[in-house]
Enquirer: 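Below are the structure tokens for one structure; questions will follow.
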Amino acid sequence: MVALKATDLAHAYGKGAMRQKVLENFNLTVESGSFEALMGPSGSGKSTFLHLAAGLAVPSSGRIEIGGHVVTDMSDAAAAKFRRRHVGVVFQDFNLVDSLTVAENVMLPVRLDHGRPDRNRLRELLSRLGLEGKDTRRPAELSGGERQRVAVARALFAGPDVILADEPTGNLDVAASRDLCSLLKSLNGVEKTAVLLVTHDPVVAASASKVHFLKDGHIVAACETEGDAGKVSRTYLDVVR
Ligand SMILES: Nc1ncnc2c1ncn2[C@@H]1O[C@H](COP(=O)(O)OP(=O)(O)O)[C@@H](O)[C@H]1O
Ligand SMILES: [Mg+2]
């Protein structure tokens with residue numbers, strides 16, 4: 001089983017003379033339950049790919065499959081509904097709703113889906129993420145690391161096939177970044193949710209078991225990290241530079 005599979009994906013921005021191809025012949029598979037990372041230079045299209053996979057944009061061509069379902073064949077409405085349940089997204093700048101509490105933020109996607117949020121699931125996730133007792137706080141009353149953990153709880157709440165995380169440690173200090181990586185790793189083990197982590201930091205990428213390298217619009221190589229940031233960094237310099 002695969003959690004996420006992109007086949008012959010292409011994406012361009014703009015029209016006519018302004019047209020800029022960002023992804024071309026892009027092929028990537030993330031296995032079910034695995035923890036994988038995506039690295040590439042700034043502007044190489046990492047965020048573009050996550051947006052396409054999360055359904056926030058429609059690819060110029062190609063196919064995206066999530067948990068065995070081809071989302072690029074679904075209508076916009078069906079794809080949006082499917083993704084609310086099957087894909088969790090975490091952004092660099094947290095994207096929490098400031099006026100809502102921690103608990104309300106975590107349950108928001110399920111509420112938007114007209115579902116009845118499972119309170120036991122909420123308690124379980126807040127405790128796994130070290131957020132117990134913080135459920136009535138608002139984002140402004142939390143540290144950066146805590147805010148990002150709320151975003152992770154929100155992404156995990158519906159039990160998705162895959163979590164897409166776009167530089168989730170980009171706004172965190174070194175300690176909070178390390179904590180978030182070990183949490184993602186342990187949650188990946190406990191929840192069996194696949195994680196695709198976009199980062200330019202070899203230390204962060206080394207928390208994944210495999211890293212894919214993006215260059216010139218497509219994946220040019222992949223390596224097993226063996227938890228070794230030095231190996232990730234050397235491979236990156238070999239294949240991307
Ligand atoms: N909404 C957009 N409109 C036009 N160009 C865009 C848009 N988003 C990204 N780009 C361009 O596409 C390229 C890839 O961007 P992005 O996916 O954000 O790269 P990365 O996340 O790897 O840094 C860049 O050249 C960027 O300027
Ligand atoms: Mg980006």
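Hydrogens, waters and symmetry mates are skipped; everything else that's a heavy atom, side chains included, is used. Please read all numbers here as calculations on a predicted model, not as lab measurements. Order of listing sets the numbers, starting from 1, for every ligand and every atom in it.
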Enquirer: Among all protein non-hydrogen atoms, which one is nearest to atom 9 (C) of ligand 1, and what is the separation to 0.1 Å?
Expert: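 Of every protein heavy atom, Tyr13 CE1, 3.4 Å lies nearest to atom 9 (C) of ligand 1.
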Enquirer: Which heavy-atom pair separates Pro59 from Leu9 by the least distance, and what is that distance?
Expert: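 Looking at all heavy atoms of both residues, the shortest contact is CB-CD1, 3.7 Å.
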Enquirer: Take a 6.0 Å sphere around NZ of Lys46 and say whether it holds more than 12 heavy atoms from other residues, nucleotides or ligands.
Expert: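 It does: Lys46 NZ has more than 12 such atoms within range.
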Enquirer: Are Glu191 and Arg128 within salt-bridge range, i.e. N to O under 4.0 Å?
Expert: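 Looking at Glu191 and Arg128, the cut-off is met.
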Enquirer: Taking only protein atoms, how many N, O or S atoms are found under 2.8 Å from the Mg ion (ligand 2)?
Expert: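 For the Mg ion (ligand 2), the figure is 1.
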Enquirer: To the closest 0.5 Å, what do you measure between CG (Asn188) and CD1 (Ile163)?
Expert: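 Atom-to-atom, Asn188:CG and Ile163:CD1 are 9.5 Å apart.
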Enquirer: Side chain, backbone, both or neither: which part of Gln20 has a heavy atom under 4.0 Å from ligand 1?
Expert: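 Side chain only; the backbone of Gln20 stays clear of ligand 1.
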Enquirer: For ligand 1, which atoms sit closer than 4.0 Å to a heavy atom of Ser42?
Expert: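 Answer for ligand 1: 23 (O).
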Enquirer: Strictly under 4.0 Å, does any heavy atom of Ser44 approach an atom of ligand 1?
Expert: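 Per 4.0 Å heavy-atom rule, Ser44 contacts ligand 1.
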Enquirer: Specify whether the nearest protein heavy atom to atom 13 (C) of ligand 1 is under 4.0 angstrom away.
Expert: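 So far as the 4.0 Å threshold goes, atom 13 (C) of ligand 1 is in reach of a protein heavy atom.
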Enquirer: Which protein non-hydrogen atom lies closest to atom 19 (O) of ligand 1, naming both residue and atom, and how far is it?
Expert: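 Ranked first by proximity to atom 19 (O) of ligand 1 is Gly45 N, 3.2 Å.
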Enquirer: Rounded at 0.5 Å granularity, tell me how far NZ in Lys15 sits from CD in Gln20.
Expert: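 Here the rounded value is 14.5 Å.
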Enquirer: Around atom 24 (C) of ligand 1, find the nearest protein heavy atom and jot down its residue, atom name and distance.
Expert: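 Going atom by atom, the protein heavy atom closest to atom 24 (C) of ligand 1 ends up being Gly43 O, 3.9 Å.
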Enquirer: Would you compute the distance between atom CD of Glu36 and atom CD of Glu224 and round it to the nearest 0.5 angstrom?
Expert: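 Glu36 CD to Glu224 CD: 8.0 Å, rounded to 0.5 Å.
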Enquirer: What orientation do His11 and Tyr13 show, parallel under 30°, tilted 30 to 60°, or perpendicular over 60°?
Expert: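 Perpendicular: the ring planes of His11 and Tyr13 meet at over 60°.
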Enquirer: Indicate yes or no: does Glu141 engage Arg138 in a salt bridge with an N to O separation below 4.0 Å.
Expert: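 The answer is no: the pair does not qualify as a salt bridge.
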Enquirer: Dump the intermediate steps for side chain to side chain contact (heavy atoms under 4.5 Å, CB included) on Gln92 and Asp166, then the final yes or no.
Expert: CA-CA 6 Å; Gln92 179 172 347; Asp166 196 353; 5.9 Å; no
Enquirer: Name the closest protein heavy atom to atom 18 (O) of ligand 1, giving the residue it belongs to and the distance to 0.1 Å.
Expert: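 Sorting protein heavy atoms by distance from atom 18 (O) of ligand 1 puts Ser47 CB, 3.7 Å first.
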Enquirer: With heavy-atom distances below 4.0 Å as the criterion, list the atoms of ligand 1 near Pro41.
Expert: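 Atoms satisfying the 4.0 Å criterion: 22 (O).
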Enquirer: Could you tell me whether atom 21 (O) of ligand 1 has a protein heavy atom closer than 4.0 Å?
Expert: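 Yes, there is one.
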Enquirer: Considering non-hydrogen atoms of the protein only, which is the closest contact for atom 16 (P) of ligand 1, and what is the distance?
Expert: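 The closest one turns out to be Thr48 OG1, 3.7 Å.
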Enquirer: Rounded to the nearest 0.5 Å, what separates atom CG in Asp135 from atom CG in Leu125?
Expert: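 The CG atom of Leu125 is 12.5 Å from CG of Asp135, to the nearest 0.5 Å.
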Enquirer: Check whether any side-chain N or O of Asp113 sits under 3.5 Å from a backbone N or O of Gly115 as a donor-acceptor pair, and report yes or no.
Expert: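 Judged by distance alone, no pair lies under 3.5 Å.
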